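Quick note: numbers below take in every heavy atom, side chains included, and nothing from hydrogens, waters or symmetry partners. Order of the sequence lines sets the chain letters (A, B, ...), proteins ahead of strands, with each chain counted from 1. Since the model is a prediction, treat every value here as computed from it, not as a measurement.
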Amino acid sequence: MSAPSHPPDPLTTTSSPLSPDTIKQILEAALLTAQEPLPLSELRKLFDQQFNAAMLSALLEDIRRDWNEKSVELVKVASGWRFQTKPEIQPYLDRLTPQRPPRYSRAVMETLAIIAYRQPVTRGDIEEIRGVSVSASVLKTLTARGWIESVGQRNVPGKPALFATTAHFLNDLNLNSLEELPPLEEMKSLIGQDDQNQVLPLEQSHLATVETQSRN
Amino acid sequence: MSAPSHPPDPLTTTSSPLSPDTIKQILEAALLTAQEPLPLSELRKLFDQQFNAAMLSALLEDIRRDWNEKSVELVKVASGWRFQTKPEIQPYLDRLTPQRPPRYSRAVMETLAIIAYRQPVTRGDIEEIRGVSVSASVLKTLTARGWIESVGQRNVPGKPALFATTAHFLNDLNLNSLEELPPLEEMKSLIGQDDQNQVLPLEQSHLATVETQSRN
Amino acid sequence: MDSVVDTIDTPPIARICGEPLLEIPQDLYIPPDALEVFLDTFQGPLDLLLYLIRKHNLNILDIPMAELTQQYMSYVAMMRADQLELAAEYLLMTALLIEIKSRMLLPSPKTETEPEHDPRAELVRRLLEYEQMKKAAIELTELPQAGRDFNIIQLWFDQQSTEQLPNVHIDDLHHAWIGILTRAKVNRHHQIKRESLSVRAFMSKILRDLRNRHQVEFQDLFSPAATVSEVVVTFLALLELAKELLVEISQSHAFGIIHVRSISST
């Protein structure tokens, strides 16, 4: 932006006509400070109606181009013009407003764990393992997150839905496959030795792989 | 500005290291959208503490220069960095907001001056200096503006509240610290040339105290 | 000016120290209708005194108390005559001025402990301190002020656009599971058997495949890229599904195509 040969005094509008650059500066300042989108009718007030809507529109398009490379853009919405941040910048700005990351309730976490380790399971299965009823909102939370889905129905009276975890769940937890879930080592101490003997030789090798991965 | 010896951790596993231009874009977006001035400690959060304060300071100075020709400027005030319009553009912007912010009465401004220069002070202290009672509305006006706040109580009967100015007060007056307030006029100059030849009937100790304070 | 003065009637407008004040002192005359405004411009007795001192070029370090007191009282009398609401502080100051004046008339009591003390000192200190603050207030008013002389920029941005979702780490899952097991062990209500995770995972996968296609050929369940153990686990998963009555496996004739059908989707 080139400076005019003698700086126009913005205060004395009557004496010297405003240069297009100065008009753009004023428009920018107004749009940057406005709390609401500004329609052309408002923007014209800045110059005591001195300029017509067409001229201001052209300058606004100019400003829009000037800001093209910026992280903030000039957009026209229903009620007028406004500056707003580009969506790709949002993740950075969000770091400034750290809502403490919310946590899932124990009910949600346990339900998720059961579905992850025991899939496919019905709501009844989950309730049996947890020993308490599972509220619909718990399953809804996990479904809305895209972490579980119904993969069919068990062929028993009532045809309850069978839930399984999704690929999205694996992605979000940075897992390549369900085998990368932490092996349930502690079960040895929790469950009697007898159960251990039931493990198939095949699964032993599988488990070995899992355990190696989990140490990464 | 020196680049870190090894490339900083990319923000996400997929993205490449940020270019200085991109960093500036993000800083600009954050500063343009912030509700309050942003200190460096906040700005560092934008990049997950990836860049040190010196580097961000240098980029901020860069941004300040980039905006030099604009009607909007980047300034540093008590609580941090912020964008604000230049005063010469104000007459135009005023046309959009017919109701101007009230000019504060002398009572308000004198009370503010006493709190600013003599803080922390009680209402009684203010009344003693001004020689009149201070109406509740005066303190309320200043508190509502967020310029003063009660910072404690003096340990005397009645436990009167002690008032001090806030960071918001400094921000609103474009100041970095209380030291940037206009210096108090020296007692000597208030007394006047002719008067100075006279024997001071003042208690010397008192005057000395006052002058020391005024240099703070 | 004179014509206005003439309109004032003869009854004394006030009595100062018992002496009737018949007319407003010339040098500080203000039109009566402007009096209220005039009074409003003073922030109090200190302000009024400062005004008088500065206006008459009085030496603040050697204030002629008689003169100042008289001037001040004229104003106060005037204000009272117009029945303006007068702050009590004005009257208090009158008393103080008279006290200082009278103390100056008395021979100063030479006590051993106290050196000679100018009765005006405290007043002068207060006047100067007030004047200092008064000037500071004017300077503060002239500083650029947000909202008045410049505007702060705060662009609209949608803070709601990225809702924060709880972060779950695999360890959290693990802990949740341990929690369940611990409770289960305490309650002894049911026995949890160790099961192969991978079989369960493949059961889900097969069901998911069947969900959309209703029926698949047995061989299609095995990815060509599958490892040996994957093939075995897939087969185990299929058997487990059949056992749990989740799928139906059918073969119309010997060595014919084996079809796997989801029972649940019927």
Side-chain angles (χ1 to χ4, degrees), chain A residues 1-4 7-13 18 21-36 38-39 41-50 63 66-74 80 82-98 171 174, chain B residues 10-15 18-19 21-51 56 63 65-74 80-98:
Chain A
M1 206 172 296
S2 60
D9 183 2
L11 297 174
T12 54
T13 42
L18 295 171
D21 254 13
T22 310
I23 300 172
K24 276 168 64 180
Q25 295 276 346
I26 295 165
L27 287 171
E28 271 182 6
L31 288 162
L32 284 169
T33 51
Q35 304 294 309
E36 310 261 302
L38 293 176
S41 57
E42 273 290 295
L43 292 168
R44 289 189 66 206
K45 287 188 195 163
L46 287 167
F47 312 100
D48 276 342
Q49 317 291 335
Q50 205 179 324
I63 296 173
D66 294 344
W67 283 71
N68 230 4
E69 301 296 307
K70 296 271 193 180
S71 52
V72 164
E73 58 189 343
L74 182 62
R82 76 159 172 229
F83 277 109
Q84 63 183 38
T85 53
K86 289 184 183 167
E88 58 263 35
I89 224 80
Q90 193 71 34
Y92 295 98
L93 301 184
D94 284 340
R95 295 185 184 157
L96 293 185
T97 48
N171 286 341
N174 249 333
Chain B
L11 293 161
T12 66
T13 40
T14 46
S15 75
L18 296 171
S19 71
D21 253 14
T22 311
I23 300 171
K24 278 167 65 179
Q25 296 276 342
I26 294 165
L27 288 171
E28 272 183 7
L31 289 162
L32 285 169
T33 53
Q35 292 184 21
E36 298 283 322
L38 294 176
L40 280 174
S41 58
E42 274 293 295
L43 291 169
R44 290 189 65 208
K45 287 187 194 165
L46 287 167
F47 311 101
D48 276 343
Q49 317 291 334
Q50 202 179 329
F51 308 117
L56 293 185
I63 296 172
R65 271 190 299 276
D66 293 346
W67 285 72
N68 233 2
E69 302 292 308
K70 295 272 194 179
S71 54
V72 165
E73 59 187 341
L74 182 62
W81 294 79
R82 74 160 175 230
F83 276 110
Q84 63 188 41
T85 56
K86 290 184 182 168
E88 57 260 39
I89 225 82
Q90 197 61 34
Y92 295 98
L93 301 182
D94 285 348
R95 293 180 183 159
L96 294 187
T97 48

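- Among the candidates B/Leu96, B/Leu38, B/Thr97, the residue making the largest number of heavy-atom pairs closer than 4.5 Å to chain A is B/Leu96.
- Taking the side chain as every heavy atom from C-beta outward, A/Leu32 and B/Leu32 approach each other to under 4.5 Å.
- In terms of heavy-atom pairs under 4.5 angstrom with chain A, the leader among B/Val72, B/Leu93, B/Leu43 is B/Leu93.
- For B/Glu28, the side-chain hydrogen bond (donor to acceptor under 3.5 Å, both in side chains) partners at least two apart in sequence or on another chain are A/Lys70, B/Trp67.
- Residue A/Gln25 holds its CD atom at 8.0 Å from CD of B/Glu69, rounded to the nearest 0.5 Å.
- A distance of 8.5 Å separates OG1 in B/Thr33 from CD in A/Gln90, rounded to the nearest 0.5 Å.
- A side-chain contact (heavy atoms from CB on, under 4.5 Å) with B/Tyr92 is found for one member of A/Leu18, A/Leu27, A/Asp48 and no other, namely A/Leu18.
- In this structure, CD1 on A/Ile26 lies 10.0 Å from CD on B/Glu88, to the nearest 0.5 angstrom.
- For B/Ser19, the side-chain hydrogen bond (donor to acceptor under 3.5 Å, both in side chains) partners two or more places apart in sequence, or in a different chain, are B/Thr22.
- A distance of 10.0 Å separates CD in A/Gln49 from CZ in B/Arg95, rounded to the nearest 0.5 Å.
- A/Ser71 contributes atom OG, which lies 13.0 Å from atom CD1 of B/Ile23 (distance to the nearest 0.5 angstrom).
- For A/Leu46, the parts lying near chain B are the backbone and the side chain together; criterion is any non-hydrogen pair under 4.5 Å.
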